[in-house]
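The block underneath contains the structure these notes are about, expressed in structure tokens.
Letters A, B, ... are given to chains in the order of the sequence lines, protein chains preceding strands, and every chain is numbered from 1.
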There are 2 protein chains.
Amino acid sequence: MPVLQPIVNIAELLYQKGITDVVVSPGSRSAPLTLAVVRHPHLRVRVMADERSAGFVALGLAQQTRNPVAIICTSGSAVYNLSPAVAEAYFQQVPLLLLTADRPHEWLHQQDGQTIDQVNLFGNQVKRSYDLPADYTHPDARWFIERSVNEAVSLARLAPEGPVHLNVPLREPFYPTANEVFQAEPARLITTLSASPTLAPETWHALLTEWERSDRTLIAVGQLPRNSALLALLSKISDELGVPIVGEIVSNLPVNDRFITHTDTFLSGIPDEQAEALRPDLLITIGNSLLTRNLKTFFRQYPAHRHWHIQPTVDRITDAFQSLTTLIPAEPLAFLDKLFADIDYQQFLQGDDDDDSHEFLHHWQQADRKAARLVAQTLSKPNQSLTDWSAVQLVLEQIPPQSILHLANSMPVRYANLCGLSEQQAVSVSANRGVSGIDGCLSTAVGAALATDQIVTLLIGDVAFFYDRNALWSSPIPPNLRIVLLNNDGGHIFRLIDGPSRQPELETYFETPHGYTARNTAADAKIQYQIAAKAETLTSLLPDFFRPGSQAKLLEIKTDKRINQEQFLAYKSQLNNLYTSN
Amino acid sequence: MPVLQPIVNIAELLYQKGITDVVVSPGSRSAPLTLAVVRHPHLRVRVMADERSAGFVALGLAQQTRNPVAIICTSGSAVYNLSPAVAEAYFQQVPLLLLTADRPHEWLHQQDGQTIDQVNLFGNQVKRSYDLPADYTHPDARWFIERSVNEAVSLARLAPEGPVHLNVPLREPFYPTANEVFQAEPARLITTLSASPTLAPETWHALLTEWERSDRTLIAVGQLPRNSALLALLSKISDELGVPIVGEIVSNLPVNDRFITHTDTFLSGIPDEQAEALRPDLLITIGNSLLTRNLKTFFRQYPAHRHWHIQPTVDRITDAFQSLTTLIPAEPLAFLDKLFADIDYQQFLQGDDDDDSHEFLHHWQQADRKAARLVAQTLSKPNQSLTDWSAVQLVLEQIPPQSILHLANSMPVRYANLCGLSEQQAVSVSANRGVSGIDGCLSTAVGAALATDQIVTLLIGDVAFFYDRNALWSSPIPPNLRIVLLNNDGGHIFRLIDGPSRQPELETYFETPHGYTARNTAADAKIQYQIAAKAETLTSLLPDFFRPGSQAKLLEIKTDKRINQEQFLAYKSQLNNLYTSN
């Protein structure tokens, strides 16, 4: 048996535990792991030279498949290059399995190369960190490896999903000798069953009583993957119980007459009286973080009497609006489903059909409609140059139905949220809003495109694009990837937010203009490149751009930061009119 | 007083503590720190959008100036992007001060943006980590900030130098209000004096006795900055005491008749008998890690009877060859200076002039000369295509005297070490051999070029170059930078080392060819670009390439990985002849 057999066996164990995708960065210390997964008949292995990109590509794959993706990298600073993606995965709750090759620990601080202290390297940004043994002669060592891999994969999947770290010290030789084969042996699979959190009848009873006592109940939906069953249920709850459903593009809540999605517009500087009319008695939240600061501020300034937050695990108190009263351990869909059924049945028993005019809901819906009109007016100004925001609107109008949209930080996701997507489009939206970095948005979209045959569209600004352009470097780029690059030559968000825009250092130390276009990057990456600076050009290019083909495509949109700013300031100056002109 | 005054004061404190250079990445949370240093009249601030590059640029600056460089970044995954440079700085012992903006800790896990657990984020890869308070109303809080900054800068400078982390939680607003100015107040400076480690006379006596008893003493010099006083002393020790001085290009040891610099060549597969003739009784080591594996292996396989390692601090036992007997707390130069003076005086007292023929030294020098001839023969093969190795030799021949050379990982530093630099060239060599990553070599060279007006030449391979090309992205590129890019289209080292070259996965999973040339990258970065594929072209381009000018220059050298491999295999096949043909 080759010395490294227990390491080779990890590949089979990953497969048995349901992992199908591995992202590898080249290295010598990590070669046994690389060869093990490459030689496994059922694992799909992709290579990325830059570990930072590799981490985000894996994140993008896992974001779409909701299944842990394994990452393999060599020892030393390579491991640290994974850490931005690990932090994003942890806070976005995306399952990853990090297999980091290491030198045996006795070589730390012995002036040997590529040796850093890798044990617990990701600190509190992973769910758990395992340190495998460097010697496998004792059967207990092999048992520990098998057991740890089993546990790590299960743990990555357990709610809240997230990254798990397996540090793998390896001794030389790393390669099979002439008469060795690296072939995995049958794995010892340990199955961890899953269970749903179930509330006791008396707990339900208390919650129903609380619901009954609330005249103004509101459900706010944070970042969540698209889920049509959830959407259908929320629609019913809104229609039948008069509950406003408030959310965002990253909640995968479509723009329609029912859902409230324009809070960023109508909650900005809302007068006290109108705000009071929108304040809920009972606020119910599901999902991950909210994008819209105005919405968060509203819930903090006008706290609900009761706030329920529903999440599968309750080991941490998430009190995003500083007014949480009840943390409910439940799957949001299952919880809301039973809640609705129980209330519906109760109302039926009480002969309680539509006891009111849904006034509270209509307040919210009215505000939302007015906000939608203001956005539409802003974007329809005639003879206007193409701006980032208008471009986003045009792109969203033509995006293929049932496709996947990744929204990069920081302005594209905000513009897209101001616009929204219609229900008929049925587009699945994702974004890196775990820690909201710009560092891996392009790589994440590449990973998403690797996970599916559908068109994956990325809306991204120039700083995020060039920051992460290694995503397009070392691996074949999936042909279903569509990159829409909003190039305003710098970190435009600093010009749009209040503080930095007033500082003389704005351009040099915040925006950092670079003068780049993506033409050369696209040429190097051998992907199709087009550029648009006018709305008509953009509109005419989009149908072909979105057509499936054999090559990824990049569409660069040149805008002027000052015109973007003018449009945005004009919009902001209109916000007060939402209430005064009424 | 503005609420943020204690944070603004940090800028003045940095200046008072002798810091002159700051590297900043744009961010909003970090804006108070950025504005404070930008508005300070004496701090030089550079901006880099990609934090990974920013970290390495700071490292390159500090590598040259031997003075701590401050780095400012925003909260979230931005901080993790610094970590590859932090790890390199820690193990290379380069002083850095990391000022990472953070959200106040109470917001962790509250679904708020860009919030990760930043306390102790760099783990054991920093000398210490401070977490500053978020509220400054209590005078003790302000005292803690002042004291911590004083301590952190002193600590970064204290041997072994290294990175120190100051985590800075900040509350909004981040920008001065209309009637505030961000102007630093006089700082409270606390001076930490430095002292030299001094050995007691009886300790010296014991060491001198040990030296006296050794017939075969050898000094091996690891990675060290260029130091002409040290070189002069080592020359004297070698000449007068017959001590072989063994080192490498990263030890800044020149190739001459005296120093032993070709160990990578003549220790490769050395027969036992010849090895025994080279085995020292007493091995003395100074400096950081050795590059040459063959040299490390030799010292492990033929351990000296006694091994002294000299380093200023002795809190860790560095036992690189598993045969250390004595760890000596001393500055290498001061120690060797006194040692030589004492021995010289003792020999004078004993009338002991040149008691032997320096046979041991001549053994080493003979081997070194033969190795130098073999390298010269390898490179002088007629009608040969231009290879990476030949190109390195041609570049080193023409590199301007007294200039600075940065050698990237992994092959360029090895090729350059096989060639060496002459004493007359007086070139200062640096390399990222702390953890030997490829991730920041280009950025480090940019940082080095920012620190000086002299020509800074970088020798780099294509994977390291494209990996780190953001170094050329967001900031004016210093005109004294000269990039020599060895483009063999992939991670060529895997083809040259024994294990991966035999695997069918070599090309796809280790080399990862990409087909890129640097033409577009150079065009985007607006630096001069030339390409050479023949030795004559290269030779004719170099004089102009090295001429000072107003623009950084990139010289790309296209080589064929198979021809590189042929040359390297031919060289390796000759290695045995060093001993058999004798």
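Using a 4.5 Å cut-off between heavy atoms, Ser28(A) touches chain B through backbone and side chain atoms alike. Residue Asp439(A) touches chain B through its side chain alone, counting heavy-atom pairs closer than 4.5 Å. Only the side chain of Leu108(A) comes within less than 4.5 Å of a heavy atom of chain B; its backbone N, CA, C and O stay farther away. Residue Ala525(B) touches chain A through both its backbone and its side chain, counting heavy-atom pairs closer than 4.5 Å. If you measure heavy-atom distances from Gln114(B) to chain A, the contacts under 4.5 Å come from both the backbone and the side chain. With a 4.5 Å cut-off on non-hydrogen atoms, Val47(B) touches chain A through its side chain but not through its backbone. Neither the backbone nor the side chain of Glu511(B) comes within contact range of chain A, judged by heavy atoms closer than 4.5 Å. If you measure heavy-atom distances from Phe510(A) to chain B, the contacts under 4.5 Å come from both the backbone and the side chain. If you measure heavy-atom distances from Ile497(A) to chain B, the contacts under 4.5 Å come from the side chain alone. Only the side chain of Arg502(A) has a heavy atom closer than 4.5 Å to any heavy atom of chain B. For a residue to count as touching a neighbouring chain, one of its non-hydrogen atoms must lie under 4.5 Å from one of that chain's; by this rule Val45(B) touches chain A with backbone and side chain alike. Looking at Phe91(A), the atoms closer than 4.5 Å to chain B (heavy atoms on both sides) all sit in the side chain, from C-beta outward. For a residue to count as touching a neighbouring chain, one of its non-hydrogen atoms must lie under 4.5 Å from one of that chain's; by this rule Gln322(A) touches chain B with the side chain only. Using a 4.5 Å cut-off between heavy atoms, Val38(A) touches chain B through its side chain atoms alone. Both the backbone and the side chain of Tyr509(A) come within less than 4.5 Å of a heavy atom in chain B. Neither the backbone nor the side chain of Arg46(B) comes within contact range of chain A, judged by heavy atoms closer than 4.5 Å. Looking at Arg316(B), only its side chain comes within 4.5 Å of chain A, counting heavy atoms on both sides. Interface remark: Phe174(B) contributes no atoms to any contact with chain A (heavy atom separation under 4.5 Å). With a 4.5 angstrom heavy-atom cutoff, Pro173(A) does not touch chain B via any of its atoms. Proximity to chain A (any heavy atom under 4.5 Å) is shown, for Pro176(B), by both the backbone and the side chain.
Chosen from Ile438(B), Val24(B), Thr115(B), the residue pairing most often with chain A at heavy-atom distances under 4.5 Å is Thr115(B). Ranked by heavy-atom pairs under 4.5 Å with chain A, the first of Pro476(B), Pro84(B), Gly437(B) is Pro84(B). Each of Leu82(A), Leu290(A), Val79(A), Asn81(A) has some count of heavy-atom pairs under 4.5 Å with chain B, and the biggest count is that of Asn81(A). Looking only at heavy-atom pairs under 4.5 Å with chain B, the residue among Glu51(A), His109(A), Gln110(A), Glu505(A) that has the most is His109(A). Chain B forms more heavy-atom pairs under 4.5 Å with one residue of Val435(A), Thr517(A), Val119(A), Thr512(A) than with any other, namely Val435(A). Chosen from Leu35(B), Thr508(B), Thr521(B), Asp50(B), the residue pairing most often with chain A at heavy-atom distances under 4.5 Å is Asp50(B). Chosen from Arg293(A), Lys526(A), Arg52(A), the residue pairing most often with chain B at heavy-atom distances under 4.5 Å is Arg52(A). Counting heavy-atom pairs under 4.5 Å between each of Gly434(B), Pro26(B), Ser83(B) and chain A puts Ser83(B) at the top. Contact tally against chain A (heavy-atom pairs below 4.5 Å) for Gly27(B), Gly491(B), Ser75(B), Gly440(B): the top residue is Gly27(B).
When all heavy atoms are compared, the tightest approach of Gly55(A) to Ala85(A) is C-CB, 3.3 Å. Across every non-hydrogen atom of Arg29(B) and Asp102(B), the tightest pair is CD-O, 3.4 Å. Contact between Met48(A) and Ser25(A) at its shortest, heavy atoms only, is O-OG, 2.8 Å. Heavy atoms only, all atoms of each residue included: Asp117(A) and Gln125(B) are closest at N-OE1, 2.8 Å. Listed here is the closest heavy atom pair of Pro163(B) and Val86(B): CG-O, 3.6 Å. For the residue pair Trp107(A) and Arg300(B), the shortest heavy atom distance occurs at CZ3-NH2, 3.4 Å.
Proximity of a side-chain donor or acceptor of Asp524(B) to a complementary backbone N or O of Tyr516(A) within less than 3.5 Å is not detected. Not one N or O on the side chain of Arg495(B) forms a donor-acceptor pair closer than 3.5 Å with the backbone of Pro500(B).
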- Under the side-chain hydrogen bond (donor to acceptor under 3.5 Å, both in side chains) criterion, do Gln503(A) and Arg39(B) qualify, and how do the steps go? CA-CA 11 Å; Gln503(A) 311 303 318; Arg39(B) 292 178 184 184; 2.9 Å; yes
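Between His514(A) and Trp473(B), the two ring planes are tilted [angle within 30° to 60°].
When the ring-ring contact (aromatic ring centres under 6.0 Å, His included) test is applied to Tyr90(B), no partner is found at least two apart in sequence or on another chain.
Looking at Glu88(B) and Arg433(B), no side-chain N of the basic residue comes within less than 4.0 Å of a carboxylate O on the acidic one, giving no salt bridge.
Pairs engaging residues 462-472 of chain A under the salt bridge (Lys or Arg N to Asp or Glu O under 4.0 Å) rule: none recorded [sequence neighbours left out].
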